[in-house]
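Bear in mind that the values here come from a model prediction, so they are computed numbers and not experimental data.
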Number of protein chains: 2
Amino acid sequence: MGDYLDGEKLNEVALADQFQVSRTPLREALQGLRATGLVELIPNRGAFVRRPSMTRLVEMFEMMGQLEAWCVSLATRRITGAQRIYLRQAARDCEAALAEGRHDAYYAANNRLHRTIYEASGNEFLAEETQRLLERLHPFRRRQLDVTGRLQQSMREHSAILDAMDLGDADRAAELMRGHINTLGDTYYQYINLVEDRRSSGT
Amino acid sequence: MGDYLDGEKLNEVALADQFQVSRTPLREALQGLRATGLVELIPNRGAFVRRPSMTRLVEMFEMMGQLEAWCVSLATRRITGAQRIYLRQAARDCEAALAEGRHDAYYAANNRLHRTIYEASGNEFLAEETQRLLERLHPFRRRQLDVTGRLQQSMREHSAILDAMDLGDADRAAELMRGHINTLGDTYYQYINLVEDRRSSGT
DNA sequence: ATTTTTATTTTTGTACACAATTCGTATCCG
DNA sequence: CGGATACGAATTGTGTACAAAAATAAAAAT
């Protein structure tokens with residue numbers, strides 16, 4: 001599980017058997033997965049896995065950077081005092097989690113920070129869509145974030161973004177955020193390359 | 001049909017009866033509608049219609065404008081010669097359709113023009129997501145586009161955008177596109193106001 | 001030998017039945 | 001009278017059976 005090939009056909013009975021459910025709820029789940037873009041459903045033909053290519057992941061991260069940049073740009077102008085405090089707290093939580101080596105706690109705090117920025121944008125729809133894309137990208141992030149140097153650099157970027165927001169410099173905050181997401185993306189690509197290599201070697 | 005209230009509960013058997021199908025395919029269809037945001041599915045509770053509020057539509061159009069602006073900005077730099085010709089042709093098709101009063105043909109040509117810009121962005125993922133948002137917004141566009149003055153203004157905006165693209169002025173093209181989408185949005189809001197008034201008067 | 005047609009098997013699509021959960025109502029208790 | 005509780009009805013969740021379509025294999029024709 002986890003390493004499906006790109007155009008691979010998914011057999012309903014086999015999957016239902018694997019997950020110990022009948023075909024009815026499984027088919028509904030497939031409809032849900034279609035929305036996330038992970039599978040493609042062709043009428044009377046079945047479900048096919050859609051593993052994003054390297055270039056598509058680059059595109060997705062490019063868009064993620066753009067959306068986050070837009071969020072932070074709007075948030076710089078619209079953020080409330082309470083949200084500002086909450087952001088700094090999340091940043092401190094990130095540092096504390098990293099110092100204690102609690103990587104899952106870091107992940108949670110980091111998520112809290114980004115999500116708060118989405119919400120502070122004042123555009124709820126934008127916030128939801130950005131969150132949705134983040135979740136779509138989620139399956140492609142792995143251990144590589146645990147490289148401590150990268151995490152510390154990431155936190156410095158957080159601080160710089162929050163500083164720019166405090167100064168009311170929306171453009172600078174947006175530009176910093178774009179860079180932040182792009183470097184994130186870069187580390188993901190390494191993982192993808194690994195996966196594609198493994199696949200082409202026929203494992 | 002067509003005028004569901006916002007939080008309205010959808011009964012599966014009633015809907016299945018209405019569409020002359022059994023509950024099984026209906027539930028799968030609901031899962032699909034969930035992706036579009038038109039219905040919300042709560043486990044063990046059922047499906048509820050999610051008619052976007054006025055403010056949410058404003059948000060959606062704001063995002064649409066931003067995405068289209070980004071598309072056109074990228075497209076200005078990456079567009080191919082063939083796409084440039086195709087764009088101008090679509091613009092001419094718009095004019096011809098309007099002159100002949102063929103509003104559905106205008107709609108098709110207009111769609112072709114915008115879609116070509118999405119594709120010319122060179123970011124396939126961005127293109128698909130923008131198209132998806134356009135389709136989500138689609139149920140909320142109605143006759144008001146048929147006001148001839150608006151359509152002619154819209155075509156002038158098209159020309160200006162294509163001109164800016166030809167000049168390689170990405171920022172200007174983006175700004176013009178943002179304005180183009182926003183005025184579109186404005187006319188939609190009128191329709192929404194109508195709907196909400198009608199609803200509150202209890203029809 | 002290649003292509004077309006036909007038959008068989010597999011797989012998807014849908015209806016239906018029953019289980020599990022929630023909702024509405026009435027009853028009981030404080 | 002207000003609120004908790006218990007019962008019955010309605011609704012959602014899931015397994016299974018069968019129909020429809022596609023994929024595969026076999027046979028026939030060119």
Side-chain angles (χ1 to χ4, degrees), chain A residues 1-53 56 124-125 128-129 131-132 135-136 138-139 195-196 199-200 202-203, chain B residues 1-53 56 124-125 128-129 131-132 135-136 138-139 195-196 199-200 202-203:
Chain A
M1 169 160 178
D3 49 7
Y4 290 104
L5 272 59
D6 179 56
E8 187 176 349
K9 169 83 184 295
L10 294 176
N11 188 296
E12 292 184 0
V13 289
L15 276 179
D17 192 55
Q18 180 180 339
F19 289 112
Q20 302 275 29
V21 290
S22 83
R23 281 178 54 226
T24 309
L26 182 111
R27 282 173 58 90
E28 292 183 6
L30 284 178
Q31 287 282 355
L33 254 56
R34 188 175 63 92
T36 70
L38 257 57
V39 303
E40 182 180 6
L41 263 46
I42 303 179
N44 286 318
R45 304 297 275 279
F48 302 84
V49 323
R50 269 252 171 273
R51 183 186 274 274
S53 70
R56 167 149 284 234
E124 208 173 301
F125 180 73
E128 288 173 17
E129 289 292 305
Q131 180 72 29
R132 210 178 67 90
E135 278 158 16
R136 269 175 91 165
H138 187 255
V195 169
E196 296 194 340
R199 189 201 307 179
S200 58
T203 307
Chain B
M1 171 159 176
D3 48 7
Y4 290 103
L5 272 60
D6 181 54
E8 186 177 350
K9 170 83 184 293
L10 293 177
N11 186 298
E12 291 184 1
V13 288
L15 276 180
D17 192 56
Q18 179 180 337
F19 289 111
Q20 301 275 31
V21 291
S22 83
R23 280 177 55 224
T24 309
L26 182 110
R27 282 173 58 91
E28 291 182 6
L30 285 178
Q31 286 283 354
L33 254 57
R34 187 175 64 93
T36 71
L38 256 57
V39 304
E40 182 179 7
L41 262 47
I42 305 178
N44 286 318
R45 304 296 274 281
F48 301 84
V49 323
R50 270 258 170 270
R51 182 185 274 274
S53 70
R56 167 149 282 232
E124 209 174 299
F125 179 73
E128 287 172 18
E129 288 293 305
Q131 181 72 29
R132 210 179 67 89
E135 279 157 15
R136 269 175 90 165
H138 186 257
V195 169
E196 294 194 340
R199 190 201 308 179
S200 57
T203 306

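By the 4.5 Å heavy-atom criterion applied to side chains, A/Q31 and A/R27 are not counted as neighbours. Looking at A/R51 and A/L5, their side chains never come closer than 4.5 Å, going by heavy atoms from C-beta outward. The shortest side-chain heavy-atom distance between B/R50 and B/L38 does not fall under the 4.5 Å cut-off. Between A/R56 and B/E128 the shortest side-chain heavy-atom distance falls below 4.5 Å.
With rounding to the nearest 0.5 angstrom, the NE2 atom of A/H138 is 13.5 Å from the OG1 atom of A/T36. Taking OG1 of B/T24 as the reference point, atom CD of B/E12 lies at 9.5 Å (rounded to 0.5 Å). Within the model, atoms CZ of B/R23 and CG of B/N11 stand 9.0 Å from one another, a figure rounded to the nearest 0.5 Å.
Heavy atoms only, all atoms of each residue included: B/G46 and B/K9 are closest at CA-CE, 4.0 Å.
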### Task
Could you run through nucleotides 8-17 of chain D and give me one letter per nucleotide, 5' to 3': B if any protein heavy atom sits under 4.0 Å from the base, S if only the sugar-phosphate is that close, - if neither?
---SBBBBBB
Kindly give the atom pairs (protein nitrogen or oxygen, nucleotide nitrogen or oxygen) under 3.5 Å for nucleotides 5-8 of chain C.
none

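As a whole-Å value, the separation of A/E40 CD from C/dT12 C1' is 16 Å.
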